Number of protein chains: 2
Amino acid sequence: MDIVRRTIERYVTLTEAEWSAIAPCWREYAFGRGSEVCAVGEVEQRFYIVKSGVQRLSFPHDGRDICVGFAYDGSWCGEYASFLTRKPARFDVVALTDSVLVGIEHDDLQKLYVEQPVMERFGRLILEELLVGRAMREIEQLSLSAEERFDRLVKRSPQLLQLVPQKDIASYLRMTPETFSRARKRR
Amino acid sequence: MDIVRRTIERYVTLTEAEWSAIAPCWREYAFGRGSEVCAVGEVEQRFYIVKSGVQRLSFPHDGRDICVGFAYDGSWCGEYASFLTRKPARFDVVALTDSVLVGIEHDDLQKLYVEQPVMERFGRLILEELLVGRAMREIEQLSLSAEERFDRLVKRSPQLLQLVPQKDIASYLRMTPETFSRARKRR
DNA sequence: AGGATCACTTGACCCATATCAAGAACGTCA
DNA sequence: TGACGTTCTTGATATGGGTCAAGTGATCCT
């Protein structure tokens, strides 16, 4: 549970009163390796913070999964668009390792937004960070070659190479496993 | 000024008291066709809502501009990442037509976030919408061919074809002007 | 431990789209 | 209005990365 408080407090400071209103809304959920946190077509019921494990956000296309992101300790996880819109998910969220996520139900979060203004602020700040991150990633995807994208990832998140299958990283970098394998060999 | 109230009220309802605290923070800014609302390297001072005109969000790469979005009536405009982080802009914002934008200074917005909780909510909701939009666009960029992306745009925003240079639309769709021209001919 | 399944590597070939080039059409402003 | 600078079109050619295929290596399961 502590991970939730620490994560929220990366953005805002909580009084004990606020925390005691917020804490009961969160529950732990365990997912075994390979299991789906959320599947395309379902409506995402919860917004999660990752306590442990690595998860993949992807969508199926032509019988293949295209990976658009990863989540790990302290980052958020889930099919956020579906969670917000209450419409069927377009993305899959898959646990790549055994994972423990701490989640909050949609209605509980809405309640907190109303009753605890500090949560509204947390929501805004985390979204700002996500949006800025997306913009930077977009620049990189568009301005770097396959090989440069590989180098950049190795430099920034070398641990990912150990944690997740190369085919997922390849897909995340918008290349085939073959191209990824060749890029890696050349370094 | 009315455009600001209408835009905010697409997300939240304002009391007269709230609006009279919010309204004075906004000011109109005129930009001539071709002028820069924000240039790479500057720090974005304002968050804008578009009163009139069309603007382009792009970044320079290899002596060419790669376009990542457009703004028009009622949508937001500006280099949001720079505005938030107070760091130099990575994107250019250019007025493609004579434009009138209504903007709020960074400090004024922060003040409103503190003093008017309804603005905090507006901020959260507009960010949610932006993020969901980004996710959907990401799926389209990755799963559709050049020709399909063209078709999708024509269907969804036919007015863009009239309003903005084809080379910018081509760049937005991740193709060269030549490929765009050929895609258009085949339809 | 052995077999099955899945992930990774490597090579040969291919194709969608980029690049280059040259001309036509359009806009703009002296 | 005409001339210059864009933008757009069209054709010829090049290429990065994808696809296909076959083999090697990991990992899991009973």
Side-chain angles (χ1 to χ4, degrees), chain A residues 31-36 53-54 56 58-67 70 92 94-98 140-154 158-187, chain B residues 32-36 53-54 56 58 60-67 70 92 94-98 140-154 158-187:
Chain A
F31 294 90
R33 176 192 160 139
S35 69
E36 299 216 304
V54 182
R56 186 190 73 188
S58 60
F59 67 94
H61 176 64
D62 280 356
R64 197 186 300 258
D65 287 324
I66 301 185
C67 175
F70 300 100
D92 288 308
V94 177
L96 294 177
T97 65
D98 288 347
E140 289 189 6
Q141 289 296 332
L142 294 172
S143 60
L144 302 179
S145 69
E147 207 123 323
E148 289 167 325
R149 295 198 301 278
F150 171 83
D151 290 348
R152 186 73 63 109
L153 185 84
V154 169
Q159 80 288 6
L160 262 193
L161 289 164
Q162 268 67 56
L163 291 172
V164 326
Q166 297 194 8
K167 75 187 166 73
D168 290 327
I169 300 179
S171 163
Y172 178 69
L173 295 176
R174 307 294 165 254
M175 58 182 89
T176 57
E178 292 92 329
T179 299
F180 183 87
S181 173
R182 291 186 250 263
R184 148 180 273 218
K185 190 171 55 155
R186 277 193 217 103
R187 303 285 137 181
Chain B
R33 176 193 160 136
S35 68
E36 299 217 301
V54 182
R56 185 190 75 188
S58 60
H61 176 65
D62 280 355
R64 201 186 298 259
D65 286 324
I66 301 185
C67 175
F70 300 100
D92 287 307
V94 177
L96 295 176
T97 65
D98 287 347
E140 290 189 6
Q141 289 296 332
L142 293 172
S143 60
L144 302 178
S145 69
E147 208 124 322
E148 289 167 326
R149 295 198 302 276
F150 172 83
D151 290 349
R152 186 72 63 107
L153 185 83
V154 168
Q159 79 288 6
L160 262 194
L161 291 164
Q162 269 66 54
L163 291 173
V164 326
Q166 298 193 7
K167 75 186 167 70
D168 289 328
I169 300 178
S171 163
Y172 179 68
L173 295 175
R174 307 296 164 251
M175 57 183 88
T176 58
E178 292 92 330
T179 299
F180 182 87
S181 174
R182 291 186 249 263
R184 146 180 274 215
K185 189 170 58 155
R186 278 193 216 101
R187 302 286 136 177

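Just so it is clear, the model here is predicted, and its values are computed rather than measured. Numbered from 1 within each chain, the chains take letters A, B, ... in sequence-line order.
- The side-chain hydrogen bond (donor to acceptor under 3.5 Å, both in side chains) search around A:Arg33 returns none, not counting sequence neighbours.
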*Going 5' to 3' through nucleotides 9-21 of chain C, assign each nucleotide B (protein heavy atom under 4.0 Å from a base atom), S (under 4.0 Å only from sugar-phosphate atoms) or - (no protein heavy atom that close).*
SBBB----SSBBB

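- Closest of all the heavy-atom pairs between B:Asp65 and B:Pro60 is OD1-CA, 3.7 Å.
- No option in B:Val154, B:Leu163, B:Leu161 other than B:Leu161 meets the side-chain contact (heavy atoms from CB on, under 4.5 Å) test with B:Ile169.
- The salt bridge (charged side-chain N to carboxylate O under 4.0 Å, His left out) test with B:Glu140 is passed by exactly one of B:Arg149, B:Arg174, B:Arg152: B:Arg152.
- Across all their heavy atoms, B:Phe150 and B:Leu173 have their closest contact at CA-CD1, 3.9 Å.
- For the residue pair B:Ser58 and B:Cys67, the shortest heavy atom distance occurs at CB-CA, 3.8 Å.
- Computed from coordinates, the A:Asp62 CG to D:dC20 P distance equals 11 Å when rounded to whole Å.
- Between the NZ atom of B:Lys167 and the C1' atom of D:dC8 there is a distance of 12 Å, given to the nearest Å.
- As rounded to whole Å, 16 Å separates atom C1' of C:dA7 from atom CD of A:Gln162.
- Taking all atoms of both residues into account, the shortest heavy-atom contact from B:Ser35 to B:Gly32 is OG-O, 2.6 Å.
- With a 4.5 Å cut-off on side-chain heavy atoms, A:Leu96 and A:Phe70 count as touching.
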*Assign a letter to each nucleotide of nucleotides 23-30 of chain C from its 5' end: B, base within under 4.0 Å of a protein heavy atom; S, sugar-phosphate only; -, no contact.*
-----S--

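- B:Asp65 has its CG atom 15 Å from the C1' atom of D:dT6, to the nearest Å.
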